[in-house]
Engineer: 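Here's a structure for you.
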Amino acid sequence: MSKDGQGTSSAKAIVDFNGQRRRTKTIFRDLNPRWDKELEFLVHDDAESLAAETLEPDLYNDKKTIVEGGSDYSTAAAARGPEIISIDQFNLLHTAAAVAWEAGKPPVIEEVEVAPPQAMEVRVKILFTSLCHTDVYFWEAKGQTPLFPHIFGHEAGGIIESVGEGVTDLKPRDHVLPESNMCDLLRINTDCGVMLNDGKSRFSINGQPIYHFVGTSTFTEYTVTHVGCLAKINPSAPLDKVCVLSCGISTGLGATLNVAKPQKGSTVAIFGLVAFGLAVAEGARIAGASRIVGVDLNSKRFQEAKKFGVTEFVNPKEHDKPVQEVIGWGVAVLVGVPNKDDAFKTHPMNVLNEKTLTGTFFGNYKPRSDLPAVVEKYMNKELELEKFITHEVPFAEINKAFEYMLKGVGLRCIIRMNA
């Protein structure tokens with residue numbers, strides 16, 4: 001590679017894996033642009049991505065160049081002999097991240113240090129992320145445990161950069177969707193802003209810790225998550241589309257298909273025609289519901305909802321009686337994140353009369369085992385995702401995504417990390 005960083009090269013070098021000297025096979029410049037010399041590559045003790053053979057002493061001591069590619073760097077390396085590189089040089093990454101320093105204040109793009117993954121952790125290069133209402137909710141400090149400074153974001157798609165000790169079912173270059181896993185082990189940790197392994201953050205700026213968000217923190221070029229917060233998916237799936245399945249769309253879809261379980265020909269009513277609600281409508285369409293009733297205080301949303309199969313519309317402001325008396329009540333499924341002081345009440349007769357009230361986190365999907373199948377629904381054209389994506393912005397303009405959501409404009413805004 002030339003000194004100006006342009007072009008590509010195929011190179012070899014000797015790397016010291018804690019005393020075990022091995023030779024790299026390929027430069028993965030697209031995954032790790034932070035190597036501080038002209039030679040750029042990602043190092044993994046992985047037979048698929050490296051020539052992971054232990055070098056014999058005579059080969060290790062050979063002073064002939066093993067750097068190939070015809071660049072200025074290879075010429076210099078030829079004069080010096082083989083380059084000896086410590087694996088520790090690759091552990092700490094300096095990367096761009098959108099840091100929220102205060103509640104409700106626009107996040108600021110900062111250079112952040114991202115520590116290597118510890119036991120049962122994975123470091124991921126985020127390629128695409130999107131803004132979910134849950135991000136805004138906690139950014140406005142309406143959540144249970146407001147913590148700042150924070151790196152928000154939890155809907156995303158990326159590629160694994162490195163794995164920590166004990167991670168056996170994921171490897172570098174796997175395509176993954178981060179997800180704020182709500183299992184008993186991880187649910188406790190998501191509000192804490194630190195990692196389960198040692199109670200520390202993997203993000204810092206000049207030694208100051210920056211908190212994680214619901215175990216994911218995807219508004220950054222690189223993030224570190226617990227292995228349980230990643231779902232490995234089909235590498236052919238376009239990450240700029242399926243990234244929206246990490247939270248809202250899957251939650252609404254699963255609330256219909258896994259919780260309400262409408263029969264073919266039945267009626268489904270949806271309260272709130274934002275992304276969550278329209279994902280419910282998508283699930284009702286897939287289930288074969290004959291009537292899909294959209295309920296919203298904003299009648300301007302009705303036209304857009306027709307694209308998702310909504311057949312009828314009700315604005316409660318246009319009626320002089322409770323909306324449940326207008327459309328009826330059968331199985332009610334509560335979806336979304338409530339404000340910490342929210343409450344509701346109902347008369348016991350509503351339950352005694354065989355009505356059902358239930359709720360769901362993430363649509364009752366088990367992220368690691370079920371999300372890959374949801375991705376396949378999209379790949380098989382059973383599930384439509386493009387109609388949810390109404391805006392795209394480069395990472396440098398992430399605050400536009402916040403503006404769109406605060407103004408109620410559009411559904412999902414894709415943030416392109418490399419744009």
Engineer: When you compare the side chain of E221 with that of L93, does any pair of heavy atoms fall below 4.5 Å?
Structural biologist: no
Engineer: Nearest 0.5 Å, what's the CG-CG distance between L273 and L411?
Structural biologist: 10.0 Å
Engineer: Salt bridge or not between R285 and E282? Use side-chain N to carboxylate O under 4.0 Å.
Structural biologist: yes
Engineer: Could you tell me whether a side-chain N or O of T256 sits under 3.5 Å from a main-chain N or O of V280, the two making a donor and an acceptor?
Structural biologist: yes
Engineer: Between W139 and K105, is there a donor-acceptor pair closer than 3.5 Å when you use the side chain of the first and the backbone of the second?
Structural biologist: yes
Engineer: Under the side-chain contact (heavy atoms from CB on, under 4.5 Å) criterion, do E179 and S250 qualify, and how do the steps go?
Structural biologist: CA-CA 11 Å; E179 204 285 318; S250 294; over 6 Å; no
Engineer: For the backbone of R291 and the side chain of T267, can you confirm whether one donor and one acceptor N or O come within less than 3.5 Å of each other?
Structural biologist: no
Engineer: Name the orientation class of the two ring planes belonging to H212 and F203 (parallel below 30°, tilted from 30 to 60°, perpendicular beyond 60°).
Structural biologist: tilted
Engineer: Is the shortest side-chain heavy-atom distance between E325 and W329 below 4.5 Å?
Structural biologist: no
Engineer: Quick one, E384 and F308 - any side-chain contact, counting heavy atoms below 4.5 Å?
Structural biologist: no
Engineer: Got a sec: does the CD of E165 have more than 12 other heavy atoms crowding it under 6.0 Å?
Structural biologist: no
Engineer: Taking the six-membered ring for Trp, is the centroid-to-centroid distance between F219 and F152 below 6.0 Å?
Structural biologist: no
Engineer: With rounding to the nearest 0.5 Å, note down the distance linking CD in E113 to NE2 in H94.
Structural biologist: 4.5 Å
Engineer: Any side-chain heavy atom of P316 sitting closer than 4.5 Å to one from L297?
Structural biologist: yes
Engineer: Output the distance between atom CD1 (I414) and atom CG (D240), rounded to the nearest 0.5 Å.
Structural biologist: 7.0 Å
Engineer: To the closest 0.5 Å, what do you measure between CG (L92) and CZ (R202)?
Structural biologist: 12.0 Å
Engineer: Give the minimum heavy-atom separation between A156 and L177, together with the two atoms involved.
Structural biologist: O-CD2, 3.3 Å
Engineer: Do you know which two heavy atoms are closest between V310 and A281, and how far apart they sit?
Structural biologist: CG2-CB, 3.9 Å
Engineer: Should the heavy atoms of other residues, nucleotides or ligands under 6.0 Å from CD of E382 be counted, would the total exceed 12?
Structural biologist: yes
Engineer: Just verifying a value: how many Å separate Y378 OH and K241 NZ, rounded to the nearest 0.5 Å?
Structural biologist: 5.5 Å
Engineer: Is the shortest heavy-atom distance from the side chain of T346 to the side chain of K355 under 4.5 Å?
Structural biologist: no
Engineer: Could you tell me whether the side chain of T95 and the main chain of V112 form a donor-acceptor pair under 3.5 Å?
Structural biologist: no
Engineer: Donor-acceptor pair, distance only, cut-off 3.5 Å: does the side chain of K387 make one with the backbone of K307?
Structural biologist: yes
Engineer: Salt-bridge test for R123 and E161: reply yes if a basic N is under 4.0 Å from a carboxylate O, no otherwise.
Structural biologist: yes
Engineer: More than 12 heavy atoms of other residues, nucleotides or ligands under 6.0 Å from CD of Q303: yes or no?
Structural biologist: no
Engineer: Would you check if the side chain of N315 reaches a backbone N or O of K317 as a donor-acceptor pair within less than 3.5 Å?
Structural biologist: yes
Engineer: Check whether any side-chain heavy atom of L371 sits under 4.5 Å from a side-chain heavy atom of Y365, and report yes or no.
Structural biologist: no
Engineer: Indicate yes or no: does E155 engage R412 in a salt bridge with an N to O separation below 4.0 Å.
Structural biologist: yes
Engineer: Any side-chain to backbone donor/acceptor pair from N234 onto P372? Under 3.5 Å, distance only.
Structural biologist: no
Engineer: Can you tell if the side chain of N418 reaches within under 4.5 Å of the side chain of L127, non-hydrogen atoms only?
Structural biologist: yes
Engineer: Evaluate the side-chain proximity of L334 to F344: yes if any heavy-atom separation is below 4.5 Å, no if none is.
Structural biologist: yes
Engineer: Check the pair V351 / L357 against side-chain contact (heavy atoms from CB on, under 4.5 Å), numbers first and verdict last.
Structural biologist: CA-CA 8 Å; V351 178; L357 176 63; 6.0 Å; no
Engineer: Give, for atom CD1 of I233 and atom CG of L245, the distance between the pair rounded to the nearest 0.5 Å.
Structural biologist: 8.5 Å
Engineer: Main chain of A255, side chain of T360: is a donor-acceptor contact present, judged purely on distance under 3.5 Å?
Structural biologist: no
Engineer: Under a 3.5 Å distance rule, please check whether S217 uses its side chain to pair with a backbone N or O of T223 as donor and acceptor.
Structural biologist: no
Engineer: Flag yes if more than 12 heavy atoms outside N380 fall under 6.0 Å of its CG atom; otherwise flag no.
Structural biologist: yes
